[in-house]
Amino acid sequence: MRKNMLLGLLLLAAAIVSGQKMNSNKKAAIASVEKHKEALIQISDSIWALAETAFEEDQSSKILADYAEKNGFTVQRGVAGMPTAFVATYGSGSPVISVLGEFDALPGISQKAKPTKEALNEGAAGHGCGHNLFGAGSLGAAIAAKELIEQGKLKGTIKFFGTPSEEKFFGKIWMVREGLWDGVDVNLSWHPSASTRADVQSSLALVDFKVEFFGQAAHASADPWNGRSASDALELYTAGINYYREHIKPTVRIHYHIQDGGQVVNVVPDYSKLWVRVRDTKRSGMLPVYERVQKMAEGAAILANVDYKISLISGIYEVLVNRAGGEAMQKNLELLGPISYTDQESAFGKKIQEVTGKPQVGMDASIMPLEETKEHPGGGSTDVGDVSWNVANINLGVTTAPKDTPWHSWAVVACGGMSIGHKGMVYAAKAMGMTMVDLFEDPKLVEKIKSEYRERKGDEVYEAIVPEGPPPIGGN
Ligand SMILES: [Zn+2]
């Protein structure tokens, strides 16, 4: 804790030397987040306990939308054909600044707010990606900006986007298709993390599709010669994919989830189904692999003498990084200084590290220096990617869990329901609120961020990987 304090003082000194100071609007943004802090924590905890999964976030979405409405935002619910998607708007004219709020949970990882594995509700979902914090923190930042506009201290429009189903189907792609970011100058986003940084790394583009095989059922022993096995096709298909792995670039990932491999041992199955996912650090690298992996389904179907069908689920772009935006965010992180933790919180973090077999170094909320942007980042994928190809986007990561915590696991759920998660959520609200102040106050900064966006986008014509028709509410 003393190390953190010392680091805080050093960063503060560095900020003063570099001419950064906390102006009155930034102080007011911080004060606004403090004023709403208990309510934001309550919102986060309610969403955490509800743990509603993709497209079923009815109550979670309502909690956020209701609080925005109560705070004077005009809320449009059920946008882009998704009952749980909404837009909350306040103010008028430019600049138009927006922020993303996610709130969906992951199935099967229910967990109490304690550092050893114990389900809150056995078999239920849990917030293993911290999206309960994500939504509440972003709303806190939007409200801070709104209050400054209301007081006449800032001019422009603030929008909060309630974005459902990030963990499955990628709700934002339908919101992008609806043109909801048209006219927005700069968008902000953050994500719970095991470290604190202005995030200038991209993510992986991906595509999801379903492969189904259709054969002929028969008795597995009495007349197997009358059967054409859909599960044979499935096995040949996955064998093909696994041979192909030797010949793909190291940046490519291929995953599959067998959703139906037949029901019983004594029937030649006439039906099988897989969910297949192809990723690469660039959409342009992912597309040829996607083509190839689709072609393999035809090959498997020929071998097993069955029919096949491929259905697109959806796909997303890699994140388009914005370093000018990242630099603005970084300055505010340095002004805020790192989060400090109590001895109990450090012990909680160390216990999680002990249980998950990691070095017991505790919490790390030190502010990381702005990194070089890697050509080929590691990590996962996010539908923030599609937003970032349609509007200049600033990303932030804030510590809400101990270092090395396995993500999408019970350990993240545990931290998101107690003070370690709360502190990160409040910190994110402040850092984004301060960066919004910069954007509202400084048209040159907005232009710099937008011109970098145009330059990085170049000639790329955004083309969503999204099937025709409405979003797959209730589908799989
Ligand atoms: Zn997430």
Side-chain angles (χ1 to χ4, degrees), residues 53-56 105-110 119 121-125 165 167-170 173 206-249 252-280 286-316 381 408 465-476:
T53 54
F55 286 142
E56 287 170 8
L106 286 156
I109 50 168
S110 174
N121 300 305
E122 205 57 58
S165 192
E167 300 290 2
K168 197 178 179 186
F169 302 121
F170 313 116
I173 58 179
L206 72 75
V207 60
D208 279 342
F209 56 101
K210 195 166 63 181
V211 178
E212 293 167 286
F213 293 106
F214 305 90
Q216 168 70 52
H219 192 293
S221 178
D223 65 341
W225 46 86
N226 281 330
R228 292 181 293 114
S229 172
S231 86
D232 285 359
L234 183 147
E235 288 192 60
L236 291 161
Y237 181 53
T238 57
I241 288 175
N242 293 325
Y243 272 97
Y244 181 39
R245 286 186 202 282
E246 194 183 345
H247 310 287
I248 56 176
K249 291 191 175 156
V252 174
R253 300 282 183 275
I254 309 173
H255 326 282
Y256 54 79
H257 172 225
I258 296 170
Q259 297 189 301
D260 190 340
Q263 303 299 320
V264 285
V265 73
N266 58 350
V267 174
V268 173
D270 64 354
Y271 181 73
S272 66
K273 179 165 86 163
L274 312 87
W275 182 309
V276 186
R277 170 171 292 183
V278 175
R279 310 194 208 216
D280 193 10
M286 174 200 80
L287 291 174
V289 178
Y290 172 39
E291 282 301 313
R292 186 72 202 281
V293 175
Q294 286 182 93
K295 197 94 182 110
M296 285 178 184
E298 186 188 350
I302 292 169
L303 283 168
N305 192 25
V306 299
D307 296 318
Y308 76 104
K309 184 181 166 199
I310 295 173
S311 318
L312 172 66
I313 297 169
S314 59
I316 50 180
S381 308
H408 282 195
I465 305 178
V466 55
E468 296 285 315
I473 314 288
N476 59 14

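- Scored by the side-chain contact (heavy atoms from CB on, under 4.5 Å) test, S229 finds S231, D232, V268, P269 as partners (sequence neighbours excluded).
- Rounding to the nearest 0.5 angstrom, the gap separating the NE2 atom in H255 from the CG atom in L206 is 7.5 Å.
- Residues I313 and P467 approach most closely at O-CD, 3.0 Å, considering heavy atoms.
- Contact between A218 and N226 at its shortest, heavy atoms only, is CB-C, 3.8 Å.
- The line from OG1 of T238 to CE of M296 is 11.0 Å long, rounded to the nearest 0.5 Å.
- Using a 4.5 Å heavy-atom threshold, the side chains of F209 and V278 count as touching.
- Panel note: side chain D223, backbone W225; no donor-acceptor pair is recorded below 3.5 Å.
- The residue from K168, R279, R277 that alone fulfils the salt bridge (Lys or Arg N to Asp or Glu O under 4.0 Å) condition with D208 is R277.
- The two residues A222 and H219 have their closest heavy-atom pair at N-ND1, 2.8 Å.
- The two residues R245 and I248 come nearest to each other via the heavy atoms O-CG1, 3.1 Å.
- Using modelled atom types, one side-chain atom of S110 and one backbone atom of N121 make a donor-acceptor pair closer than 3.5 Å.
- The shortest non-hydrogen separation linking I310 to A297 is CD1-CB, 4.1 Å.
- Remark: S272 OG to F213 CZ distance equals 6.0 Å, nearest 0.5 Å.
- Aromatic rings from F214 and Y271 are positioned such that their centres are separated by under 6.0 Å.
- To the nearest 0.5 Å, the span separating CG on D280 from CE on M286 amounts to 8.5 Å.
- The side-chain heavy atoms of T53 and E167, taken from C-beta on, include no pair separated by under 4.5 Å.
- From D307, atom CG reaches atom CG of D270 across 11.5 Å, with rounding to the nearest 0.5 Å.
- Between V466 and F170 there is no side-chain heavy-atom pair separated by less than 4.5 Å.
- Taking CD of Q294 as the reference point, atom CG of L312 lies at 8.0 Å (rounded to 0.5 Å).
- In this structure a side-chain-to-backbone donor-acceptor pair under 3.5 Å is present from Y237 to V293.
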